[in-house]
Protein chains: 2
Amino acid sequence: MTQTPRIPGRVPAAPPTLADVAERAGVSRQTVSNAVNNPELLRPDTLERVQRAISELGYLPNRAARNLRTRASHLIGLRINPVPEGTANATMDRFVHSLVETSSEAGYHVLLFPGDPLDPLSGYDDLLRATAVDAFVVTDTYLGNPQATWLEKRRAPFVAFGRPWDKPDAAHAWVDVDGAAGCDLATTHLLDKGHHRIAWIGWRKDSWIGEDRRSGWYRAMKSRGLSTTGLASRVEDTVHSGRSASAVLLDEAQPSAFVCASDTLAMGVLQTLAERGLAPGRDIAVVGFDDSQVAQVVHPGLTSVRQPLEQVAVEVVTALRGLLGHPPSPPRQVMLTPTLALRGSS
Amino acid sequence: MTQTPRIPGRVPAAPPTLADVAERAGVSRQTVSNAVNNPELLRPDTLERVQRAISELGYLPNRAARNLRTRASHLIGLRINPVPEGTANATMDRFVHSLVETSSEAGYHVLLFPGDPLDPLSGYDDLLRATAVDAFVVTDTYLGNPQATWLEKRRAPFVAFGRPWDKPDAAHAWVDVDGAAGCDLATTHLLDKGHHRIAWIGWRKDSWIGEDRRSGWYRAMKSRGLSTTGLASRVEDTVHSGRSASAVLLDEAQPSAFVCASDTLAMGVLQTLAERGLAPGRDIAVVGFDDSQVAQVVHPGLTSVRQPLEQVAVEVVTALRGLLGHPPSPPRQVMLTPTLALRGSS
DNA sequence: TTGAAAGCGCTAACAG
DNA sequence: CTGTTAGCGCTTTCAA
């Protein structure tokens with residue numbers, strides 16, 4: 001096959017190859033490859049000549065060819081699941097932004113793939129067998145994580161965002177945010193404001209994350225010797241549930257403040273307050289979890305526990321580099337602490 | 001190099017190749033390739049034999065090798081930009097979900113890459129020159145779209161989500177949502193409810209999208225012979241701007257309803273109402289734009305214009321398949337109509 | 001320090 | 001209908 005001639009002033013149909021650069025620089029293809037991957041091997045003047053040819057031609061190594069040869073795609077697979085309508089939660093989307101940003105600095109791109117919500121494993125296998133990605137970032141660990149077990153068995157490199165709830169001593173790499181610490185922070189904040197009867201609205205008992213967050217509220221209350229009896233409620237993660245749970249709690253336990261496992265639930269609390277003519281922050285304090293857009297724009301602002309997702313992304317990428325390095329470093333397990341975004345509701 | 005033996009019951013370190021399948025099925029490599037890509041060329045019994053070998057081995061063609069050979073990556077590049085804090089807007093994130101879902105049905109994966117917010121072109125060039133993606137989906141067309149012009153010049157296949165505002169007769173493929181129709185819908189809804197003085201809070205005049213949406217409000221008002229004098233305001237897209245703009249309008253023009261260019265602005269209106277003890281939906285009606293999570297969970301629910309992003313994704317992928325087809329079909333230009341999500345605020 | 005040869009896994013073109 | 005041959009663009013030995 002003859003090479004398409006490069007007509008000056010016209011964008012070539014096919015991008016330049018190593019051979020094009022080599023010809024222009026008057027060296028062999030391997031020398032160009034070295035100039036790109038091991039520049040220190042070249043004599044300064046040769047390097048200079050090759051680099052000029054590279055930039056004149058606008059050469060960039062063909063990804064497919066490089067991938068084939070190096071058996072690496074520099075792609076990180078991330079499965080994204082549908083976001084339920086009617087909730088405030090957008091943690092994953094925020095995380096995706098951070099991950100794309102951070103991994104790009106490490107030379108990786110993020111490949112998104114959809115998964116069947118009913119099958120936590122779906123999607124991974126094909127990508128793995130086709131060697132389409134170098135590693136995965138696993139996020140949906142809310143119900144144990146079969147993915148981790150499965151990927152480990154397949155010897156596929158991966159980092160989980162979310163600790164292995166079902167087996168705390170699992171050896172794989174993970175990064176998580178300490179939800180208990182976050183709720184402790186939120187509760188302590190309210191205690192310091194003078195509240196004594198602080199109610200908890202969380203998720204159902206089968207949610208590890210929910211129980212973890214709840215434990216933060218519980219321990220903060222206990223550390224001040226306060227009773228929690230009758231002050232806790234476990235419901236579905238919907239605005240409606242938050243609304244009715246808070247109504248019941250208000251009637252039966254007279255709390256002066258609420259800590260919620262999510263902003264979605266907290267929005268339900270705000271609804272109850274609105275219905276009863278109570279002012280959030282003045283009459284009753286409310287704290288949510290996730291620092292969603294909703295928390296940021298609702299009146300008068302919803303105080304909320306904020307996960308340091310940018311930091312999570314950094315740790316995830318660091319762990320990934322470790323796993324993918326030569327030699328691979330041992331799996332990192334990192335726990336980060338959230339902060340509290342203070343707003344009008346407290 | 002010797003092939004790693006496949007020990008039964010143990011996951012092989014390297015995925016099986018075409019050669020492995022061929023050996024097992026007792027055919028040549030090419031026949032296996034045909035079985036995968038042109039099954040109709042094989043005799044039924046051979047096909048059966050090959051397919052059994054494929055599934056026994058769990059074979060899937062190596063992506064890099066296939067990409068190299070076919071000069072296609074089956075990857076679609078999508079640049080994602082940072083989401084400003086403190087706004088309600090998450091249209092792009094919702095779109096990403098739909099795009100991933102839809103393009104996967106068409107055999108494509110979505111590759112995310114970050115861009116320098118100050119340079120609308122950054123990120124595209126490298127991916128293109130490295131032939132890392134087959135096509136782009138361009139989204140941030142809010143200020144004209146230099147990307148489109150640039151990509152066209154490079155002969156890079158792409159579909160824009162967002163019409164070419166700066167040159168309406170541009171020939172490239174695009175899909176957009178009719179913002180004017182959306183605001184017309186919203187305004188007409190309010191008119192039908194008996195409102196006559198309907199105010200507009202939109203973006204500054206240099207936003208094409210903003211002016212388009214505004215025109216929908218304007219034409220709906222005019223179609224009923226109503227005056228719009230003093231009823232419109234153009235501000236920044238922040239909650240605070242929406243709050244102050246609505247306060248001024250309320251004082252000076254006594255509207256009974258607001259149509260806003262975004263949910264962010266609408267949240268500002270809700271704040272003003274809350275401050276003045278006015279009930280949204282009962283005293284003053286409010287309609288936002290984008291049907292954000294905020295609109296869904298805020299009390300008493302914010303009526304909002306909803307972009308059919310799932311449909312946008314379908315059209316985008318259809319356009320993409322057209323561009324990438326053999327032969328390529330002419331660029332599609334599709335305009336979709338939004339709907340109105342009715343809630344308590346109206 | 002530079003160049004020649006080999007081959008990653010696949011598919012397009014052709015021969016049998 | 002099946003097999004043989006060649007080569008996509010790159011990097012990795014190894015020799016000069």
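Residue numbers start from 1 in every chain, and the chains themselves are labelled A, B, ... in the order their sequence lines are given, proteins ahead of strands. Reckoned from all heavy atoms, side chains included, excluding hydrogens, waters and symmetry mates.
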Problem set entry | Backbone of Ala313(B) reached by a side-chain donor or acceptor of Ser98(B) within 3.5 Å | no

For this session: Could you tell me the separation between the CZ atom of Arg69(A) and the C1' atom of dA6(C), rounded to a whole number of Å?
Result: 8 Å

Problem set entry | Whole angstrom value for the distance that separates P of dT1(C) from CZ of Arg49(A) | 15 Å

Exercise. If you check every side-chain atom of Thr46(B), which of dC1(D), dC8(D), dC10(C) has the closest atom?
Worked result: dC1(D)

For this session: Check whether any side-chain N or O of Arg66(B) sits under 4.0 Å from OP1 or OP2 of dG9(C), and answer yes or no.
Result: no

Exercise. Between dT1(C), dC10(C), dG3(D), which nucleotide has the shortest distance from any of its atoms to the side chain of Val27(B)?
Worked result: dG3(D)

Problem set entry | Under-4.0 Å side-chain N/O to phosphate OP1/OP2 contact, Arg29(A) with dG3(C) | no

Exercise. Is any side-chain N or O of Asn37(B) closer than 4.0 Å to OP1 or OP2 of dT11(C)?
Worked result: yes

Problem set entry | Euclidean distance, atom CD of residue Gln30(B) to atom C1' of dT4(D) [Å, nearest integer] | 9 Å

For this session: For Gln30(B) and Asn34(B), test the side chains for any donor-to-acceptor distance below 3.5 angstrom and give the result as yes or no.
Result: yes

Problem set entry | Nearest-0.5 Å distance, NE2 of residue His109(A) to CG of residue Leu99(A) | 12.5 Å

Exercise. Has Ser28(B) got a side-chain N or O lying under 4.0 Å from the OP1 or OP2 atom of dT2(D)?
Worked result: no

Problem set entry | Basic-acidic side-chain contact under 4.0 Å: Asp20(B), Arg24(B) | no

Problem set entry | Interatomic distance where CG belongs to Leu68(A) and P belongs to dG7(C) [whole Å] | 14 Å

Exercise. Whole Å only: how far is the CZ atom of Arg71(A) from the P atom of dG9(D)?
Worked result: 20 Å

For this session: Specify the separation, in whole Å, of atom CZ of Arg63(B) and atom P of dC8(D).
Result: 22 Å

Seminar exercise, completed: Taking dC10(C), dC10(D), dC1(D) as options, the one with an atom nearest any side-chain atom of Leu18(A) is dC10(D)

For this session: Name the nucleic acid region contacted by Leu42(B), choosing base, sugar-phosphate or nothing; use a 4.0 angstrom heavy-atom cut-off, strictly under.
Result: sugar-phosphate

Exercise. Can you tell me if the side-chain N/O atoms of Thr70(B) get under 4.0 Å from OP1 or OP2 in dA12(C)?
Worked result: no

Exercise. Are OP1 or OP2 of dT11(D) and a side-chain N or O of Ser33(A) less than 4.0 angstrom apart?
Worked result: yes

Problem set entry | Rounded distance (Å) that lies between atom P of dT2(D) and atom CG of Leu41(B) | 9 Å

Problem set entry | Arg129(A) side chain to Gly58(B) backbone, donor-acceptor under 3.5 Å | yes

Seminar exercise, completed: Separation of dT11(D) atom P from Asn34(A) atom CG, nearest Å, is 9 Å

Exercise. Taking for each residue the nucleotide of DNA chain D bearing the nearest heavy atom, is the 5' side occupied by Ala65(A) or by Asp45(B)?
Worked result: Asp45(B)

